Amino acid sequence: MDSLIPPIQALVVTPVKDAIDGTLETIRAVRRSNVPVQHVVYNDYGTPDTKQALERHQTELGYTLIHLEDLIDHPSPNYRTVLQDAQRRALAEQVPLIIIESDVIVNNDTLQRLLAFYGQHRPLGLVGAATIDEAGNINFPYLRFKEQLEEADGSAIETKKSLSFCCTLISPEFLKRYDFAGLDDSKHWFDTTISYQATDMGFRNYLLPTVAVLHKPHGSRPWKHLKYTNPLKYYFLKFIKRRDKI
């Protein structure tokens, strides 16, 4: 019977802190994808309620769950560790790595379309899905591409600007050439570093206007909502505590 199980076409990873309801919505959307993937969810020192909920739904939703507290003794965020483990797993499976953050909802065909684009464009480094709000408008983090996305007429946008990790495929060819062990461990987020590294090494990065995903900004980093409710605390965390370093 094992021979009837289709091989996975991608490794999908989702780093999780808290905001469990939104996270489960993200996981369910990946589960509905029309291509076979392995989905690895990394619990980055979430609350006990988050940990229990992720364990409770694991079998039902078919993801691999990793509690980072079982691997490393380092406070959240631990994006570097997630990327390093994900790179190792993707290379072992010889498939692209797709990062889907826990505040993003993909469509049933999102992963299929990212993979199809990768298959037709080499040498590709990264390819990202555009992010939209519930009204269908381009939103953070791709507002800086808003005019290009609206004028692209369905064509892919090749870019040397940084792509976000909201919903992004990283090619196995690039993963083979750039070891994430070299990422700066003083940083929290690495989309800028990896985007620029790919183009510096001769790979081509793209953003796809017609492959759009729903993004609920800051769902994966709830503390950023303080910008609207408690600005003093927000800027204290951002600048004094140096949260969100990229």
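On a predicted model such as this, the values are computed, not experimentally measured, just so you know.
The distance from atom CD of Gln84 to atom CG of Leu71, rounded to the nearest 0.5 Å, is 11.5 Å. Expressed to the nearest 0.5 Å, how far CZ of Arg144 lies from CG of Leu149 amounts to 10.0 Å. Remark: Gln148 CD to Ile138 CD1 distance equals 11.0 Å, nearest 0.5 Å. Atoms CG and NZ, from Asp200 and Lys160 in turn, are 8.5 Å apart once rounded to the nearest 0.5 Å. Note that the CG atom of Leu65 and the OG1 atom of Thr14 stand 11.5 Å from one another [nearest 0.5 Å]. If you take CG on Asp70 and CG on Leu68, they are separated by 8.5 Å, rounding to the nearest 0.5 Å.
Asn107 places no side-chain N or O within donor-acceptor distance of the main-chain N or O of Thr110, the cut-off being under 3.5 Å. Side chain of Thr131 to main chain of Asn139: a donor-acceptor pair is present (N/O by atom type, distance under 3.5 Å, no hydrogens or angles). A side-chain donor-acceptor contact under 3.5 Å links Ser195 to the backbone of Leu163. Proximity of a side-chain donor or acceptor of Tyr142 to a complementary backbone N or O of Ser164 within less than 3.5 Å is detected. Checking side-chain atoms of Thr26 against main-chain N and O of Ser102 turns up a donor-acceptor pair under 3.5 Å.
If you chain together hydrophobic residues whose side chains sit under 4.5 Å apart, Ile72 and Leu183 fall into the same group. Under a hydrophobic clustering in which Ile, Leu, Val, Met, Phe, Trp and Tyr are joined whenever their side-chain heavy atoms come within less than 4.5 Å, directly or via other members, Leu97 and Tyr79 fall into the same cluster. Cluster membership for Ile8 and Ile170, using ILVMFWY side-chain heavy atoms within less than 4.5 angstrom, is shared. Cluster annotation: Ile132 is connected to Leu207 through the hydrophobic network of ILVMFWY side chains, with a link wherever side-chain heavy atoms come within less than 4.5 Å.
Using cut-offs of 30° and 60° for the angle between ring planes, the Phe180 and Tyr178 rings count as perpendicular. Ring planes of His39 and Tyr63: perpendicular class, angle over 60° (limits at 30 and 60°).
Closest of all the heavy-atom pairs between Glu69 and Lys51 is OE2-NZ, 2.8 Å. Across Cys166 and Pro141, no two heavy atoms sit closer than the pair SG-CD, 3.7 Å. In plain terms, the two heavy atoms of Asp73 and Tyr45 that are nearest each other are CA-OH, 3.6 Å. Nearest heavy atom pair, residue Phe190 against residue Phe165, reads C-CE1, 3.9 Å. Listed here is the closest heavy atom pair of Gly154 and Thr210: CA-CG2, 3.5 Å. The two residues Pro96 and Pro172 make their nearest non-hydrogen contact at CA-CD, 3.7 Å.
Side-chain contact between Leu91 and Lys176: present, with at least one pair of heavy atoms (C-beta onward) separated by less than 4.5 Å. Glu60 has its side chain within reach of Arg28: a pair of non-hydrogen atoms, C-beta onward, lies under 4.5 Å apart. Side chains of Asn43 and Ile66 form no contact here, defined as non-hydrogen atoms less than 4.5 Å apart. No side-chain heavy atom of Tyr42 sits under 4.5 Å from any side-chain heavy atom of Thr64.
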Checklist entry - After noting the C-alpha distance and the side-chain angles of Phe203 and Gln197, does the key distance pass the side-chain contact (heavy atoms from CB on, under 4.5 Å) rule? => result CA-CA 9 Å; Phe203 292 94; Gln197 186 66 45; over 6 Å; no
Item to check | Full working for side chain to side chain donor-acceptor pair (under 3.5 Å) between Ser171 and Arg122 | outcome: CA-CA 9 Å; Ser171 75; Arg122 310 288 177 88; over 6 Å; no
Next on the checklist: Under the criterion side-chain contact (heavy atoms from CB on, under 4.5 Å), I'd like the reasoning laid out for Asp179 against Gln87: C-alpha separation, chi angles, the key distance, then a yes or no.
Outcome noted: CA-CA 8 Å; Asp179 190 347; Gln87 180 179 43; 3.6 Å; yes
Item to check | side-chain contact (heavy atoms from CB on, under 4.5 Å) between Ile194 and Phe174, worked out | outcome: CA-CA 10 Å; Ile194 290 174; Phe174 173 60; 3.6 Å; yes
Item to check | salt bridge (charged side-chain N to carboxylate O under 4.0 Å, His left out) assessment of Lys146 paired with Glu150 | outcome: CA-CA 6 Å; Lys146 187 174 188 295; Glu150 291 175 345; 2.6 Å; yes
Checklist entry - Going through the distances and angles, do Val16 and Leu54 end up as a side-chain contact (heavy atoms from CB on, under 4.5 Å)? => result CA-CA 10 Å; Val16 173; Leu54 289 172; 4.2 Å; yes
Checklist entry - Step by step, would you call Asn34 with Asn108 a side chain to side chain donor-acceptor pair (under 3.5 Å)? => result CA-CA 6 Å; Asn34 56 11; Asn108 294 3; over 6 Å; no
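More than 12 heavy atoms of other shown residues, nucleotides or ligands fall within 6.0 angstrom of atom CG in Asp184. By the neighbour-count criterion of 12 heavy atoms within 6.0 Å, atom CD of Glu158 is densely surrounded, having more than that number from other residues, nucleotides or ligands.
Between the side chains of Thr50 and Thr47, at least one donor-acceptor pair of N or O atoms lies under 3.5 Å. Defined by atom type and a distance below 3.5 Å, a donor-acceptor pair is missing between the side-chain atoms of Asn205 and Thr159. The closest side-chain donor-acceptor pair between His215 and Asp133, if any, does not fall under 3.5 angstrom.
Applying the under-4.5 Å side-chain rule to Ile, Leu, Val, Met, Phe, Trp and Tyr, the cluster around Val213 extends to Val12, Val30, Val35, Val37, Ile98, Ile100, Val104, Val106, Leu111, Leu114, Leu115, Phe117, Tyr118, Leu124, Val127, Leu169, Tyr206, Leu208, Val211.
When Lys17, Lys187, His188 are each tested for a side chain to side chain contact (heavy atoms under 4.5 Å, CB included) with Pro77, only one passes: His188.
For the salt bridge (charged side-chain N to carboxylate O under 4.0 Å, His left out) condition, the pairs that include at least one residue of residues 78-93, sequence neighbours left out, are Asp85-Arg88, Asp85-Arg89.
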